[in-house]
Amino acid sequence: MTMHDDVAKILVTEANLQARIVELGAALSADLAPDSRPLFVCILKGAYMFLSDLTRQVSIPHEVDFMATSAYGGGLDSRGVVRLMLDLKANIRGRHVVVVEDIVDRGGTINYLLRLLEERHPASLRVCTLLNKPSRREFNVPLAYVGFDIPNEFVIGYGLDIDEMYRNLPYIGVPTPALVERLLGNPARE
Ligand code: IMP
Ligand code: MG
C-alpha cells in the first residue's frame, strides 16, 4: 500500500505536466522583456512545486517571492473568506509581476490577491495558473496563462493537498472515496 493506491484516477500525468510547463515557460520568456527583471509570486502552499518547475523553464533573469492565503478550511469545497497569511518581501511598484497559482476554482483567492496587488501599482500584473476549473467560476478573474482546464473534480498532487497531505504526488489525481472519507469524514455532512 503506497500513497498511489489512494488515487482513484490520474487526470494529468507527470509527463503531460512537465511538457506543458516547458510551453508555459517558453511563453513567459517570450512575453516578458529580457531586461525587465520580472517577479514571480508563488501562492503558498499549493503552487510551490509548480513555481519550482516553471521558473526552471523561464530563460530570462527574474526574482521569486512568496505569499500565502488561507480560505480553504480543509474540506473539498473552497468556500469562505480569503485571509492573507504571508505577504511579499518585495516592493512591486513599477514591477512586472506574475502570480503563480496552483488552481483557480471559484476564483475568490485570485480575485482577492489581484485587488490587493493592484493597489501597490505594479507595471503589469498577470496570473499563471497550472489548473483551472472554469465550471466553478464565481469571480471573473483574468488568467493570462493556464496549464490545463479540468472538470469539476477535487484533485490532489503536484502541490495540491487533501488535509495537507499528498502534495508530493508527481501528477494530478483524484482521491479515492475511501481516502476522502478517512481524512475528511463524510463530505455531505457540512
Ligand atoms: P478559489 O478561491 O475557489 O479559486 O480556490 C482556490 C484555492 O482553493 C486554491 O488555491 C487551492 O488551494 C484550493 N483548491 C481549489 N480546488 C482544489 C482542489 O481540487 N484540490 C485542492 N485544492 C483546491
Ligand atoms: Mg492555492
Side-chain angles (χ1 to χ4, degrees), residues 3-4 6-14 16-17 20 24 40-54 65-88 97-118 125-185 187-188 190:
M3 62 179 183
H4 301 287
D6 294 320
V7 179
K9 69 175 174 208
I10 296 178
L11 273 192
V12 189
T13 65
E14 183 172 8
N16 287 344
L17 279 175
R20 183 72 183 120
L24 291 171
F40 285 74
V41 174
C42 175
I43 309 305
L44 296 171
K45 302 173 188 168
Y48 77 100
M49 209 173 276
F50 181 39
L51 178 90
S52 157
D53 284 339
L54 180 68
D65 204 344
F66 299 87
M67 285 179 108
T69 57
S70 89
Y72 203 58
L76 293 181
D77 208 352
S78 70
R79 245 171 241 158
V81 179
V82 183
R83 280 201 305 155
L84 191 65
M85 307 301 285
L86 174 74
D87 205 345
L88 295 173
V97 175
V98 178
V99 176
V100 179
E101 180 57 303
D102 53 355
I103 185 166
V104 179
D105 186 30
R106 291 169 55 248
T109 305
I110 279 294
N111 184 56
Y112 169 86
L113 286 169
L114 289 180
R115 282 163 183 269
L116 186 90
L117 294 174
E118 243 146 35
L125 185 57
R126 280 176 272 205
V127 176
C128 177
T129 185
L130 179 66
L131 303 175
N132 182 32
K133 282 186 197 168
S135 63
R136 296 252 306 160
R137 194 61 31 81
E138 287 175 28
F139 297 86
N140 182 23
V141 283
L143 303 178
Y145 305 90
V146 174
F148 300 90
D149 284 340
I150 62 167
N152 181 18
E153 289 195 80
F154 183 81
V155 292
I156 56 175
Y158 201 74
L160 291 110
D161 72 300
I162 180 167
D163 195 23
E164 292 297 329
M165 295 190 287
Y166 296 83
R167 297 186 193 272
N168 60 315
L169 293 170
Y171 49 77
I172 301 291
V174 177
T176 62
L179 178 67
V180 174
E181 174 64 35
R182 177 150 55 84
L183 293 181
L184 304 180
E190 289 282 281

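In listed order, ligands and their atoms are each counted from 1. Computation of the quantities below employed the complete heavy-atom set of this structure, encompassing side-chain atoms and omitting hydrogens, waters and symmetry-equivalent molecules.
- With 3.5 Å as the limit, one finds a donor-acceptor pair spanning the side chains of Arg137 and Asn132.
- Residue Glu101 holds its CD atom at 10.0 Å from CZ of Phe50, rounded to the nearest 0.5 Å.
- At least one N or O atom of Val155, backbone or side chain, sits closer than 3.5 Å to an N or O atom of ligand 1.
- Not a single N or O atom of Asp161, backbone or side chain, sits closer than 3.5 Å to an N or O atom of ligand 1.
- Side-chain contact annotation: His4 with Tyr166, donor-acceptor N/O pair under 3.5 Å absent.
- A salt bridge links Glu153 with Lys9: the distance from a Lys NZ or Arg NE/NH1/NH2 to an Asp or Glu carboxylate oxygen falls below 4.0 Å.
- For ligand 1, the atoms lying closer than 4.0 Å to a non-hydrogen atom of Lys133 are 16 (N), 17 (C), 18 (C), 19 (O).
- Counting heavy atoms closer than 4.0 Å to ligand 1, residue Glu138 contributes nothing at all.
- Here is the list of ligand 1 atoms found below 4.0 Å of a heavy atom in Gly108: 1 (P), 2 (O), 4 (O).
- The closest approach between a heavy atom of Gly107 and any atom of ligand 1 is below 4.0 Å.
- Checking Asp53 against Tyr158 by side-chain atom types alone, a donor-acceptor pair falls below 3.5 Å.
- Side chain of Arg136 to backbone of Pro151: no donor-acceptor contact under 3.5 angstrom is found.
- Taking every non-hydrogen atom of Glu101 and a distance limit under 4.0 Å, the qualifying atoms of ligand 1 come out as 10 (O).
- When the heavy atoms of Thr109, Asp102, Ile172 are ranked by distance to atom 10 (O) of ligand 1, first place goes to Asp102.
- An N or O contact shorter than 3.5 Å is missing between Phe154 and ligand 1 by distance.
- Using a 4.0 Å cut-off between charged nitrogen and carboxylate oxygen, Asp6 and Arg182 count as a salt-bridge pair.
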